[in-house]
Amino acid sequence: MGFLFPEFLFCLVLVAIPVIIHLFNFKRFKKVYFTNINFLTAVQLQTATAKNLKECLVLLCRILAIVFFVLAFAQPFIKNNQQQQGFQKNVVSIYLDNSFSMAAVNKNGTLLDEGKRKVKDLVNAYGLNDRFQLLTNNFGAASQRLLAKDELLDELDNVTVEPLSSSYQQIINKQADFLNAQQQVNRTAYLISDFQKQPNFKQVLQKDTAISFTLVPLLSNNLPNISVDSVYFLNPFHQAQQSESLVYKLSNHFDKDVENISLSLKINGVQKAIGNSSIKANSYVLDTLLFSGLTGNWQKATLSIKDYPITFDDELNFVFKIQDHSNITAIYDGKPVKSIGVAYRTDPFFKLSEIDQAQLNYSSLASQQLVVLENLTQVPAGLAQQLKIYVKNGGNLSVFIPLKADLLSYKAFLQGLETDIPLSLETTENKVAKLNLAHPLFKDLFDQYPKNIDLPIAKQFFKASNFTKTTRQLLFSGTASNNLLSAYQLGKGKIYISFLPLENEASNFSQHALFLPILFKSALVGFNSPALFYTLGDVKNVSMPSIPLAENQNIKIVGNGVDVIPSYQNNGLNSSIYFADQLKKPGFYDVFYRDSIVNIFALNQSRAESDLSFYSQTELESKFQIPAKSIISSKEKITDQQIKEVNLGTSLWKLCLILTLIFLAAEILLIRFYKKPVLNQKEKI
C-alpha cells in the first residue's frame, strides 16, 4: 500500500485530542441535602463498569473517525502489477493521432489542435529530468529518440494531418518496443486520439502488462459521409475505341439513406461518363458506368462525387493502358503450324514471331504476352526451365501436343508446370460435348448459346491425367467427360493445354470456328493489367514491366511536385520500384526512364478513416483491458496530480471518507440512544 499525499499522515497526531478529553473529563459528584428522606422514594444504582463501556465506545468512534478522515486526505492506494518501480526518472511515450479524422472540428477547434494542447498539458505535468517519445502515424525518425520537454514541443509544432493511419495494435507495439529499450526508468504510455473504430480491431489488444497505458479520447461528432471505395473493369484488356464497363463501389457511412448522389468520371481531364446512385444507411452499392471512344496509351482517370463536410474520400484516381499490339512467339520444330500463323495474321493487333526452337533467344520471352508451343515432339530441359520461370513471373503459355509427341518428355515438362499430363494416345472417336462458358476465353463469344452447336470432333486424342492437386479449369469436355482442353494457373501466369492434336488426321479443331477466337482470347487475357490504383500507407512499392536498366542508370518518379529516384528490382518478366515513404500525396505519378514514360500509377488516400464512428469509454476499457481511471476525459486539464492518480493502483480514499462518516454517525447514536443498565431498588421508610 502507498499514499498519494503522505504528508497528511502527520495529522494523525489529532487523535490525541479525543484521548485527552476522555482522560480529563472526570465527573465530580455534588452533595445534595434533603430535609426529609421521604422525598427519596427510589434509588437507581449504576455500576461504574457500564458507564465506562459507553465512554470507551464513544472514544473509539472519535479516534477512528479522525484516523480515516486523515487517511482520506492522504489518499491511500493498493499497488497493482503495473506499479512504477520508484525510479527518479520517467520515460513517457505519447502517441498523437494525426490521421484524417483528426481534422474534424468541434467547439475547441480541430481535434488535432486539441490533441496538441493535451500533449502540452501532459508534458508540463512532468519534471525537467523526464524524457519523452512523440509518436505519430508516420512513425518518423523523431519518434525513435528520447526528447526533452523543449525538443518535444518543437516537434509538436511540425505535426500535421497526414493521409496515414495505423492500427491500435501497431501503436502500442511501437510504444512498448521503445519503452522496453529504456533501463532504470518509470515507463508510461499515453494515446491521444478520437479512437475511431477500426474494422480490423481484434476483440482484445495484446499489450505489455509492465507498462501503464492511459487513453485520452477526444470528443468528435458522427458526421454523414459517402466514400468512393474502389473500381474495376469487367474486361481487364483495353483496346482503342472499344466499349468499357467500369464497376464502382460507393459506401454510406451514416445511419440515413442517401438518394441520387451524382458522380462523374473524367479521363485525361475530359468527362467521359456521369451517373447517380442511391445507398441505404450503413451500406454500399455496386454499379456500372459505360463509356467508349478511348485512344492513346496511358489513361489517367478520376471518379468523383460531391459530399460535404468530409471530402478526402470523394475522389478515386486510377490508371489503365490502351494496348495497341500483342507480342506472340510461336515455337515450332521443323516448320511452323500453318493454321496458327494464318489465324494471328488476320488481325494486325497481334505481332506474331514464329521461331524454330533451335534458334530461340530465351531473353526475348520476357516481352511476350503469349508463347505458343506448336508442334514440338520433345521439350528440351533448358526450354522447359525457362518457360516455367516465364509463366511464374506472369507469362502465358499455350501448348498444342502433336501426334508424334514424346510423352515422357511432355510428362517431365508438364509436371514441372504442375498441370495434368498426357498418358496415352487414344484412337477412338471423341467429340467435345461441353464448353465452360463461365471462363474468360468464352466470355462474349456467343450472344446466345445455340441449342445444336457444332463442336470439334477428334478421331485421335491424348488421354489426360486427372491429378487432384492442380489448378485445372476444364474448357472442353469430351463425350466421356474427357479433358480435351484445360487452363491452369502457375504463379502469376496461365497455361492452356490442348489434348486435341492439331493435325487434320487427328481432329478438326484447327479448322473449327472456335479455333480462332480461342487463339485470340488466350493472347488477350495474357496481358498482365497493372493495378488500377494503390493506397497511401499500405504500399511502398509498385509493380511494372521489366525495362533494360543499364548499370549507373536510374529511373525517376515524377508527380505532385516531387521528383524521386526509387530503388529498382528486376524479377524477369516484371519488376518493382520501391519508394518507401517518399510519396505522401494522392494523385498520378509518372515513371521515367531515359526521358520516356515507362509506367504510370495512381495513389489514393486510405478509406480506413471514412467511417466516422468512435469507440465509447466502455468499449475502450474492454478492448484495451484498462480500468476506467486510466481513461482521462478530454474535458479535464491534465495535471501532475491526475497523472499520479492514473499511474497508481486501486485508490482507497473514497472508502476512507465513507468510514469517517460511519464512525461519526456511530458516535452520535451512542450518545443519544445508548441506555445505561440500571438496578432499581425501593426503600420504604
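Owing to the predicted nature of the structure, the values given are computational and were not obtained by experimental measurement. Values below: every heavy atom of this structure, side chains too, minus hydrogens, waters and symmetry copies.
Cation-pi check for Lys623 over Tyr168 is not met; the charged atom does not lie both under 6.0 angstrom from the ring centroid and within 45 degrees of its normal.
Ser264 and Gln271 share a donor-acceptor pair across their side chains, judged by distance under 3.5 Å alone. Side chains of Ser165 and Asn137: a donor-acceptor N/O pair is absent below 3.5 angstrom, by distance only. Asp313 and Ser610 are linked by a side-chain donor-acceptor pair at a separation below 3.5 angstrom, with hydrogens and angles left out of the test. With no hydrogens or angles considered, no side-chain donor-acceptor pair links Asn252 and Ser283 at under 3.5 Å. Between the side chains of Gln569 and Tyr578, at least one donor N or O lies within less than 3.5 Å of an accepting N or O. Donor-acceptor pairing under 3.5 Å is lacking for the side chains of Thr311 and Asp314. Of the N and O atoms on the side chains of Tyr95 and Ser166, not one donor lies less than 3.5 Å from an acceptor on the other residue.
Formation of a donor-acceptor pair under 3.5 Å by the Asp97 side chain with backbone atoms of Ser99 is found in this model. Without hydrogens or angle criteria, Gln299 side chain to Thr295 main chain gives a donor-acceptor distance under 3.5 Å. In this structure a side-chain-to-backbone donor-acceptor pair under 3.5 Å is missing from Tyr344 to Ala330. The backbone N or O of Phe467 lies less than 3.5 Å from a partner atom in the side chain of Arg472, making a donor-acceptor pair. A donor-acceptor pair under 3.5 Å is formed between the side chain of Asn396 and the backbone N or O of Lys494. Of the possible donor and acceptor atoms, none in the side chain of Asp307 sits under 3.5 Å from a partner among the backbone N and O of Asn225. Listed for the Ser143 side chain is a donor-acceptor partner under 3.5 Å among the backbone atoms of Gly140. Remark: side-chain polar atoms of Lys256 are not paired, donor with acceptor, to backbone N or O of Pro224 under 3.5 angstrom.
Taking the six-membered ring for Trp and thresholds of 30 and 60 degrees, Phe312 and Phe100 have nearly parallel ring planes, at less than 30 degrees apart. Classification of the Phe442-Phe476 ring pair by plane angle, with boundaries at 30° and 60°, yields parallel.
Within 6.0 Å of atom NZ in Lys300, more than 12 heavy atoms from other residues, nucleotides or ligands are found, so the atom counts as buried in its surroundings. Within 6.0 Å of atom CD1 in Ile274, 12 or fewer heavy atoms from other residues, nucleotides or ligands are found, so the atom counts as exposed in its surroundings.
Residues Val161 and Asn98 have side chains not in contact (no heavy-atom distance under 4.5 Å, counting atoms from C-beta outward). The closest side-chain heavy-atom distance from Leu536 to Pro586 is below 4.5 Å. Annotation: side chain of Leu303 is in contact with side chain of Leu289 (closest heavy-atom distance under 4.5 Å). Thr419 is not listed as a side-chain neighbour of Thr470, based on a closest heavy-atom distance of 4.5 Å or more. You'll find the side chain of Gln617 stays beyond 4.5 Å of the side chain of Leu215, heavy atoms only. Gln625 places none of its side-chain heavy atoms less than 4.5 Å from the side chain of Leu205. Residues Ile518 and Phe509 form a side-chain contact, since some pair of their non-hydrogen atoms from C-beta on lies under 4.5 Å apart. Looking only at side-chain heavy atoms (C-beta outward), Phe400 and Ser510 stay at 4.5 Å or farther from each other.
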Exercise for review: Output, in order, the C-alpha distance, side-chain angles, deciding distance and verdict of side-chain contact (heavy atoms from CB on, under 4.5 Å) for Leu524 and Gln323.
Suggested key: CA-CA 10 Å; Leu524 295 179; Gln323 304 292 342; over 6 Å; no

Review point. Where do Leu514 and Leu445 land on the side-chain contact (heavy atoms from CB on, under 4.5 Å) test, with the steps shown first?
Key: CA-CA 9 Å; Leu514 288 175; Leu445 193 58; 3.8 Å; yes

Review point. Between Leu612 and Ser101, is a side-chain contact (heavy atoms from CB on, under 4.5 Å) present by the stated rule, with each step listed?
Key: CA-CA 7 Å; Leu612 297 178; Ser101 64; 4.1 Å; yes

Check your understanding: side-chain hydrogen bond (donor to acceptor under 3.5 Å, both in side chains) between Ser262 and Asn276: does it pass, once the steps are laid out?
Key -> CA-CA 4 Å; Ser262 60; Asn276 60 76; over 6 Å; no

Exercise for review: Decide yes or no on side-chain contact (heavy atoms from CB on, under 4.5 Å) for Leu246 and Phe318, but give the supporting numbers first.
Suggested key: CA-CA 11 Å; Leu246 179 71; Phe318 61 99; 3.7 Å; yes

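Considering CD1 of Ile495 and CG of Leu387, their distance stands at 9.5 Å, rounded to 0.5 Å. Gln242 contributes atom CD, which lies 6.5 Å from atom CZ of Phe237 (distance to the nearest 0.5 angstrom). In this structure, OG in Ser251 is found 8.5 Å from CG in Leu286, a value given to the nearest 0.5 Å.
Ring-centre distance between Phe624 and Phe213: not below the 6.0 Å cut-off. Ring pair Phe520/Phe350: centre-to-centre distance below 6.0 Å.
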